[in-house]
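Chain naming here is simple, since letters A, B, ... match the order of the sequence lines and numbering starts at 1 in each. Note that the structure is a prediction, hence the values are computed from the model and not measured.
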Amino acid sequence: MAQPLVKKDDDRDEEADYSPFLGIEKGAVLQEARVFNDPQLDARRCSQVITKLLYLLNQGDSFTKVEATEVFFAVTKLFQSRDNGLRRMVYLIIKDLSPSADEVIIVTSSLMKDMNSRTDMYRANAIRVLCRITDGTLLTQIERYLKQAIVDKNPVVASAALVSGIHLLQSQTTPEIVKRWSNEVQEAVQSRAALVQFHALALLHQIRQNDRLAVSKLVTSLTKGTVRSPLAQCLLIRYTSQVIRETAVNSQTGDRPFYDYLESCLRHKAEMVIFEAAKAITELSNVTTRELTPAITVLQLFLSSSKPVLRFAAVRTLNKVAMTHPMAVTNCNIDMESLISDQNRSIATLAITTLLKTGNESSVDRLMKQITNFMSDIADEFKIVVVEAIRSLCLKFPLKYRSLMNFLSNILREEGGFEYKKAIVDSIVILIRDIPDAKESGLLHLCEFIEDCEFTYLSTQILHFIGNEGPKTSDPSKYIRYIYNRVILENATVRASAVSTLAKFGALVDSLKPRIFILLRRCLFDNDDEVRDRATLYLNSLGDGSVAETDKDEQNPTEEPFDINSVPREVKSLPLVEKKAPGKKPTALGGLPPSPTSASDAYERLLSSIPEFADFGKLFKSSVPVELTEAETEYAVNVVKHIFDHHVVFQYNCTNTIPEQLLENVTVIVDASEADEFSEVGVKPLKSLPYDTPAQTFVVFEKAEGVPAVGKFSNTLRFTVKEVDTSTGEAEDDGVEDEYQLEDFEVVAADYILKVGVSNFRNAWESMDPDTEHIDEYGLGPRESLVEAVNAVISLLGMQPCEGTETVPSNSRSHTCLLSGVYIGNVKVLVRLSFGMDAAKEVAMKLAVRSDDVNVSEAIHEIVASG
Amino acid sequence: MATFLSHETCPTIKNILLLDSEGKRVAVKYYSDEWPTNSAKLAFEKSIFTKTHKTNARTEAEITMVENNIIIYKFVQDLHFFVTGGDDENELILATVLQGFFDAVTLLLRNNVDQREALENLDMILLCLDEIVDGGIILETDGSIIAGKVATHSVDDGAPLSEQTISQALATAREHLTRSLLK
């Protein structure tokens, strides 16, 4: 085979001129098939025609039903010929034509005759053909011959019968018949011919596969004896691991049965048996290191084999082991490292990813150096595998983020297809999310990447991400240049996302706001309407006033530097806007957390920016706004309850709806006589409340630490009114003091519980200490329906319903509801509510609470008892 | 075609392909219904050909994975041999099948393993495929036994010796030899 290359070129030239099938046509060949009908058969010519027909079928040509029938009938005539070669071709084409049932009858007798022929080849092939094309009815007629054939002296005949048996058993129409051959098959298992043993074992196992005991017996007897054929040995290993799997469940004690057999197969002389056994051992459930070691040792030897197939098989198996038992594979690391330069890129990639799984922190740098050389000459699909492996490595060794992040940014700069780049970007995003230290450098890498990114999808994803993360960094301003460059240089889709991103910076970073306005205003002249629309929207919602009046805002930016109330509103509206944008899929970036700028974040930022509140500690919970005025009254006021450990802050959001008035020194006078546990410690008045510009005033109460104090508060709005000349916008100098009665509101127990869901309630429940469980029963009195009772308790507790249990099936008399939440003091609480309703609509409830703290469990009961 | 066997039961071959140096079919045999139409088959052949044709699989059989299938392949002259199995199949069993096919073809083509010779003896190649695997189950893996089975059939027992070509005579002789080895 070591022909010189020149020879090959010669061949090529000739081959272009010559092919025996050059210009072959189906019609012509079908014509030629008429020679089958000649009274004097020319065997050689008939063989050639059949070869041509087979060639056509092989090239994907198909015969019509009529053509196939015609050919089939012509072919049946050829059974008259005594030519062996022709007969073989006849067998072949009959199988390829797959005749219908009524056609099969025509050849049945000829084939049955061949089955009893003295020529071994006839017998073997006739069996295979007949079993292939027959349906169940014929089988009873030939069963006797098949049973004989199984124990035929000639191994080819026996194999043909056994393999046909396997197919027949699978076809399901006739499994019963095949099952009656058990004795003959068992005899064939003892055959000296290797392949007969293999086929007999396969068939025997299939006959008995539903009888676990029989399979176990089969394995027990054969593992003691000598199965010679390597293929049969492989089968036996598979059956053995199946038996191990099934018995392991029953008896978990002592040594694993049959392990010794598997281990002894590691010393077999056939590589395929060694490998099968090694693989079987690595796949044992709960395999121990001691059991693994011999298998790993033989696989390690395979790693340095000269055969690529062997290296591949070994490294692939080790790669799988490394996922569950990385330590067991570390011994192979040196051999693995030499495989990084393997000619076969599949092997090299598997080696690298295995190393990345088994490597320790100290070897990361060296490994990265090797991979860098390797990356340049592998295909994208392998690179993606490597990138994913590096991502998980980085999460495993966060300290090494610097070199890994560098690596990712380097390969990000190189050539590559979309999927590859996307894998890198996703990885960087995940690293930024999970490793806080990596955030700044990661974001800069992404910024640099979008400077030169040809994929719109990735650019928009990254811009979205920068918009979420950038404002939270130490120096948000440095990202603006990159983002604004997109507005200048990119297509409309990217420009639109860049506008959204700019707006997010504007919304979240006060100091950048004026500059962002300038940039956004430039976008108003973009030639794409989506870009213009977004710029207009954001300019408005960021409190720039109407676009035409922007100057006013700039003249006195210090008076009310940042229209605080617009923050939560604006942020909430963002995702909606983005979903409409073309090519925007906000959730696609590797499962990013939901927009971090949720309302509570905004509140937290707002409160911490007020110096008086700075030392209150961490904000525990902010309630939803409670309206304190009717709709469409002169002054619209709602209150948000902010709960801290020691304090409660009421944030009154006030809006003046009268154009002719300017309110000054706005405060809320709170009467806390029905809230004993609270004492007022301070008020932060609102200096000025012009028309239609929401603003806040705050009242702060103190309470005992961690105590879920409740109470009722009555409120009065007090302010100084000044008349405003609507034509000039100027306010008069003199004002009048006035008061405005607001509605009462309560601080309730639910304000001290955060709605925090759990994904698997059952697991969470069981992982809690049962000692903290507190169970009691309550009568809830007569209720309209179970739904009403369930909702009442949920809102009373203010906890997160889990697993959809808040929905009560209609007309049900009982229901179980699962709730989860975090109680003040960061105590996790899980609640299991069981409701039942009797005929008189009297509702009873069983309340079971588990939490990190017994006292909290009791507190929950108190809430319900008093509620 | 018989329904496909699960991994638990028996090693299975999904297909055996013999392509030329441009990825065109010389002879192919599919045992799995994973590729139901001819166009699906052609697409599969194209994908593995483009994936492998630049590699050097001339001295040792090479291996790769495409669409969750393991493909073992070997090239000689302008012929590309492929054997495909499922992704949890024992790679070495697949390699043994490929080696059997390859050895048998080498014997049958009297060491002139190239496309032209293969097409001229396509009947032998097809018989060869038929003798290696039946409906996905491995029938025989020893190249000389496979070639032996195929070769006997190209000779009419009753034909006078003078009509036999030298190759046929050689093949017959080889067949007798392998037979005697088997016993």
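Pairing each heavy atom of B:P11 with each of A:L235, the nearest pair is CD-CD2, 3.7 Å. Between B:R25 and A:Q59, the shortest heavy-atom distance links the atoms O-NE2, 3.2 Å. Contact between A:S346 and B:T64 at its shortest, heavy atoms only, is OG-OG1, 3.6 Å.
Looking at A:L231, only its side chain comes within 4.5 Å of chain B, counting heavy atoms on both sides. There is no contact between A:S164 and chain B, counting heavy-atom distances below 4.5 Å. Neither the backbone nor the side chain of A:Y91 has a heavy atom closer than 4.5 Å to any heavy atom of chain B. Only the side chain of A:F21 comes within contact range of chain B, judged by heavy atoms closer than 4.5 Å.
Side chain of A:H199 to main chain of B:I138: a donor-acceptor pair is present (N/O by atom type, distance under 3.5 Å, no hydrogens or angles). Under the 3.5 Å distance criterion, the side-chain polar atoms of A:N58 are left unmatched by any main-chain donor or acceptor of B:V26.
The choice from A:V163, A:V309, A:L92 that makes the most heavy-atom pairs within less than 4.5 Å of chain B is A:V309. For the set B:D87, B:I72, B:L94, the count of heavy-atom pairs under 4.5 angstrom toward chain A peaks at B:D87. Counting heavy-atom pairs closer than 4.5 Å to chain B, the top residue among A:R87, A:K95, A:R311 is A:K95. Of the listed residues A:P308, A:A313, A:S62, A:S241, the one with more heavy-atom pairs under 4.5 angstrom with chain B than any other is A:P308. Heavy-atom pairs under 4.5 Å with chain A were tallied for B:T141, B:L42, B:I70, B:T55; the largest tally goes to B:I70. Here B:D130 is the residue among B:D142, B:I93, B:T37, B:D130 with the most heavy-atom pairs under 4.5 Å with chain A. Comparing A:L195, A:L54, A:V273 by heavy-atom pairs within less than 4.5 Å of chain B, the highest count is held by A:L195.
The pair B:D123-A:R88 fails the salt-bridge criterion, with no side-chain N (NZ, NE, NH1 or NH2) lying under 4.0 Å from an Asp/Glu carboxylate O. Salt bridge status for B:E131 with A:R128: present, with a side-chain N to carboxylate O gap under 4.0 Å. Between B:E89 and A:R316 there is no salt bridge, since none of the side-chain N atoms of the basic residue sits less than 4.0 Å from a carboxylate O of the acidic one. Between B:K29 and A:D96 there is a salt bridge, since a side-chain N of the basic residue sits under 4.0 Å from a carboxylate O of the acidic one. At a threshold of 4.0 Å, the pair B:D134-A:R132 counts as salt-bridged, since one of the basic side-chain nitrogens sits closer than that to a carboxylate oxygen.
Defined by atom type and a distance below 3.5 Å, a donor-acceptor pair is missing between the side-chain atoms of A:Q343 and B:N56.
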Check: Run the side-chain contact (heavy atoms from CB on, under 4.5 Å) check on A:F312 and B:E62 step by step: do they pass?
Finding: CA-CA 9 Å; A:F312 178 91; B:E62 277 289 346; over 6 Å; no
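Rounding to the nearest 0.5 Å gives a distance of 12.0 Å between CG of A:N344 and CD of B:E60.
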